[in-house]
Student: 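Dumping the structure here so I can ask a few things about it.
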Amino acid sequence: MLSSSTSSTLRLHQPSRPHRRRPPAPGGATQLAPSRRHLPAAPAVRARPQRIRALDAAQPFDYESRAAGLLEERQRLKIAIVGFGNFGQFLARTFARQGHTLLAHSRTDHSALAATLGASFFTDPHDLCECHPDVVLLATSILSAEAVLRSLPVHRLRRNTLFVDVLSVKEFPKNLLLSSLPPDFDVICTHPMFGPESARDGWDGLPFVFDKVRVGDCPARRARAEAFLNIFEREGCRMVEMSCAEHDAHAAETQFLTHTVGRMLAMLELRSTPINTKGYETLLRLVDNTCSDSFDLYNGLFMYNKNSTELLNRLEWAMDSVKKKLFDGLHDVLRKQLFEGSPLAPDTSNVRK
């Protein structure tokens, strides 16, 4: 037992460390290590203020830009254009500018033109379908649509591929796609109400009609359908969702009638004159716009829209009504001249009996 007067202390032994000798102080004085309690206090560490990141503020890493880029990347599609003619090429230019991957197939070899757009051209539809596009865009003529669709090996496509048509009639391709494609395929019928001539200055404000005929009830398939429609919405199109039947009823007047009148005027071989009126120049432009399209397009508008025959009958009736009104007025004038003492009426008073 240790007494309180004892000056010895108990020490805890730690593993010994090699002793590092300090160099002697100048003048022979021994330099003592400062006591731990006399060491200067460490400077206080100031807490950094928490940064608040605003999406519109300049940041070392732009989260908003990255999110927008990821969203745009998800909306990029692999689109196979079947029917790479005048209208298919017209659509492909905008698709390529928006960054979509393009595949193309047509009876005519357009591989050189497709290459200028960054599109892969396939002469064999089997090779096209084996690329597994997200969307197959049917851009053929109305008259050849059925034969082209039946030539595609759809069994080589993914089983939920989206098919879209851009034909100028809608009930015919709707029934064709539903009867020809497997039930798991999605179908959207569309009609861009413009073309290379009328949209030479852009698509802004031009109507784009669509009918989501069959889209699977899963987020990925709905997102794919919206991504395709967004192509036209981004260009400023006026998006019009409408049933195929309603479209054809309107199109008989807005499109078939326009083409009919334009082709009738073309048969008159109208020419510009030194005294053109604004109305006459409008008619000349109508002839140019309608006759720049193929006769197959016009014929398809007639054959595959059940409303077209009725419209032709109404147009003929309207022409007959106008002619009747004109000739009735002319007959009234002649009757007055012949039977009401007009100077032109013959004098029969001196005729020998």
Student: Looking at NE2 of His110 and CD of Gln89, how far apart are the two atoms once the value is rounded to the nearest 0.5 Å?
Tutor: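 Rounded to the nearest 0.5 Å, the NE2-CD separation comes out at 5.5 Å.
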Student: With rounding to the nearest 0.5 angstrom, report the CZ to OG distance, Phe121 to Ser106.
Tutor: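 These two atoms lie 5.5 Å from each other.
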Student: Side-chain heavy atoms nearer than 4.5 Å, only ILVMFWY residues, links allowed to pass through others: does that put Phe295 and Ile142 together?
Tutor: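 Linked within one cluster.
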Student: Find out whether Val148 and Val82 are in side-chain contact, i.e. whether some heavy atom of one side chain is under 4.5 Å from a heavy atom of the other.
Tutor: yes
Student: Can you find a heavy atom in the side chain of Leu181 that is under 4.5 Å from one in the side chain of Leu149?
Tutor: yes
Student: Below 4.5 Å, heavy atoms only, C-beta onward: do Cys129 and Phe122 meet side chain to side chain?
Tutor: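 No. Closest side-chain heavy atoms not under 4.5 Å.
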Student: Evaluate the criterion side chain to side chain contact (heavy atoms under 4.5 Å, CB included) for residue pair Leu176 and Arg150; output intermediate values, then yes/no.
Tutor: CA-CA 10 Å; Leu176 176 64; Arg150 297 195 187 285; 4.0 Å; yes
Student: Which atom pair, heavy atoms only, marks the closest approach of Leu162 to Ala225?
Tutor: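 That would be CD2-CA, 4.2 Å.
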Student: Indicate whether any N or O donor in one side chain lies under 3.5 Å from an N or O acceptor in the other, for Thr260 and Tyr298.
Tutor: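 On atom types as modelled, these side chains qualify, holding a pair under 3.5 Å.
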Student: Tell me whether Ile188 shares a hydrophobic cluster with Val136, the cluster being built from Ile, Leu, Val, Met, Phe, Trp, Tyr side chains joined at under 4.5 Å.
Tutor: no
Student: Given Asp134, which of Arg158, Lys78, Arg224, Arg76 fulfils the salt bridge (Lys or Arg N to Asp or Glu O under 4.0 Å) condition?
Tutor: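 One option only clears the test, and that one is Arg158.
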Student: Return the set of residues passing side chain to side chain donor-acceptor pair (under 3.5 Å) with Thr290 (not counting sequence neighbours), or none when no residue passes.
Tutor: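 Not a single residue meets the side chain to side chain donor-acceptor pair (under 3.5 Å) criterion with Thr290.
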Student: To the closest 0.5 Å, what do you measure between CD1 (Ile81) and CZ (Phe90)?
Tutor: 11.5 Å
Student: State, to 0.1 Å, how close Pro133 and Leu157 come at their nearest heavy-atom pair, and which atoms those are.
Tutor: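 Minimum heavy-atom contact is CD-CD2, 3.7 Å.
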Student: Can you check whether Ile231's main-chain N or O pairs, donor with acceptor, with Gln98's side chain at less than 3.5 Å?
Tutor: yes
Student: Could you state the interatomic distance from CG (Leu177) to CZ (Phe185), rounded to the nearest 0.5 Å?
Tutor: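 Between atom CG of Leu177 and atom CZ of Phe185 there are 11.0 Å.
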Student: Would you please name every residue forming a side chain to side chain donor-acceptor pair (under 3.5 Å) with Asn175, sequence neighbours left out?
Tutor: none
Student: Passes side chain to side chain contact (heavy atoms under 4.5 Å, CB included), Asp211 versus Glu246? Steps please.
Tutor: CA-CA 10 Å; Asp211 184 5; Glu246 187 179 0; over 6 Å; no
Student: Does a salt bridge link Arg97 with Glu235, judged by any charged N lying under 4.0 Å from a carboxylate O?
Tutor: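 Yes, charged N to carboxylate O under 4.0 Å.
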Student: With a 4.5 Å cut-off on side-chain heavy atoms, are His250 and Met242 touching?
Tutor: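 With C-beta onward as the side chain, the pair touches.
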Student: If we only count heavy atoms from C-beta on, is the Phe256 to Asn307 side-chain gap below 4.5 Å?
Tutor: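 Sidechains of Asn307 and Phe256: no contact.
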Student: So, the side chain of Asp186 versus the backbone of Gly216: is there a donor-acceptor pair under 3.5 Å, distance only?
Tutor: yes
Student: Indicate, with yes or no, if Leu117 and Phe87 share a hydrophobic cluster defined by side-chain heavy-atom contacts under 4.5 Å among Ile, Leu, Val, Met, Phe, Trp and Tyr.
Tutor: yes
Student: Any ion pair linking Arg222 and Glu226 (charged N to carboxylate O, less than 4.0 Å)?
Tutor: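 No, no charged N to carboxylate O under 4.0 Å.
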Student: Given 3.5 Å as the limit, does a donor-acceptor pair link the side chain of Thr282 with the main chain of Lys278, or not?
Tutor: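 Yes; at least one donor-acceptor contact below 3.5 Å.
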Student: Any heavy-atom pair between the side chains of Val209 and Thr190 that's under 4.5 Å?
Tutor: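 The answer is no, as the side chains (C-beta and beyond) never meet within the 4.5 Å cut-off.
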Student: Set out, in order, the CA-CA distance, both residues' side-chain angles and the distance that settles side chain to side chain contact (heavy atoms under 4.5 Å, CB included) for Val287 and Leu284, then state yes or no.
Tutor: CA-CA 5 Å; Val287 173; Leu284 293 178; 5.6 Å; no
Student: Side-chain contact test, heavy atoms from C-beta onward, threshold under 4.5 Å: evaluate it for Leu265 versus Leu286 and give yes or no.
Tutor: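 A side-chain contact under 4.5 Å exists here.
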Student: May I have the step-by-step check of side chain to side chain contact (heavy atoms under 4.5 Å, CB included) for Thr94 and Trp203, ending in yes or no?
Tutor: CA-CA 10 Å; Thr94 297; Trp203 300 1; 3.2 Å; yes
Student: Which heavy-atom pair separates Phe232 from Pro192 by the least distance, and what is that distance?
Tutor: CE2-CG, 4.4 Å
Student: Side-chain contact test, heavy atoms from C-beta onward, threshold under 4.5 Å: evaluate it for Leu138 versus Phe163 and give yes or no.
Tutor: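 SC-SC contact between Leu138 and Phe163 ruled out.
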Student: Between Asn289 and Glu197, which heavy-atom pair has the shortest distance, and what is it?
Tutor: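 Answer, listing the atom of Asn289 first, then Glu197: OD1-CB, 4.2 Å.
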Student: Can you tell me if Arg156 has over 12 outside heavy atoms packed within less than 6.0 Å of its CZ?
Tutor: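 Count over threshold, so yes.
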Student: Are the charged groups of Asp248 and Lys170 less than 4.0 angstrom apart, N to O?
Tutor: no
Student: Do Val169 and Val187 sit in one hydrophobic cluster, given that two such residues count as connected whenever their side-chain heavy atoms are within less than 4.5 Å of each other, even indirectly?
Tutor: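 Looking at the clustering, Val187 is in the same group as Val169.
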Student: Between Leu206 and Ser198, what is the shortest heavy-atom contact and its length?
Tutor: CD1-O, 4.2 Å
Student: Below 30° counts as parallel, above 60° as perpendicular, anything between as tilted: where do the rings of His155 and His126 land?
Tutor: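 His155 vs His126 ring planes: perpendicular.
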Student: Rounded to the nearest 0.5 Å, what's the gap from CD on Glu316 to OG on Ser321? Could you check?
Tutor: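 Glu316 CD to Ser321 OG: 10.5 Å, rounded to 0.5 Å.
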Student: With hydrophobic residues grouped by side-chain heavy-atom distances under 4.5 Å, do Val322 and Leu315 end up in a single group?
Tutor: no
Student: Keeping the roles fixed (side chain from Asp328, backbone from Lys325), state whether a donor-acceptor pair exists under 3.5 Å.
Tutor: no
Student: Within the supplied structure, the quantity of interest is the number of heavy atoms (other residues, nucleotides, ligands) at a distance under 6.0 Å from Met239 CE; does it exceed 12?
Tutor: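 Yes - once you tally the heavy atoms of other residues, nucleotides and ligands closer than 6.0 Å, there are more than 12.
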Student: Once you round to the nearest 0.5 Å, how far does CG of Asp109 lie from OG1 of Thr123?
Tutor: 7.0 Å
Student: Minimum heavy-atom separation for Asn305 to Leu301, with atom names?
Tutor: CB-O, 3.3 Å
Student: When the ring planes of His100 and Phe95 are compared, do they come out parallel, tilted or perpendicular, using 30° and 60° as the limits?
Tutor: perpendicular
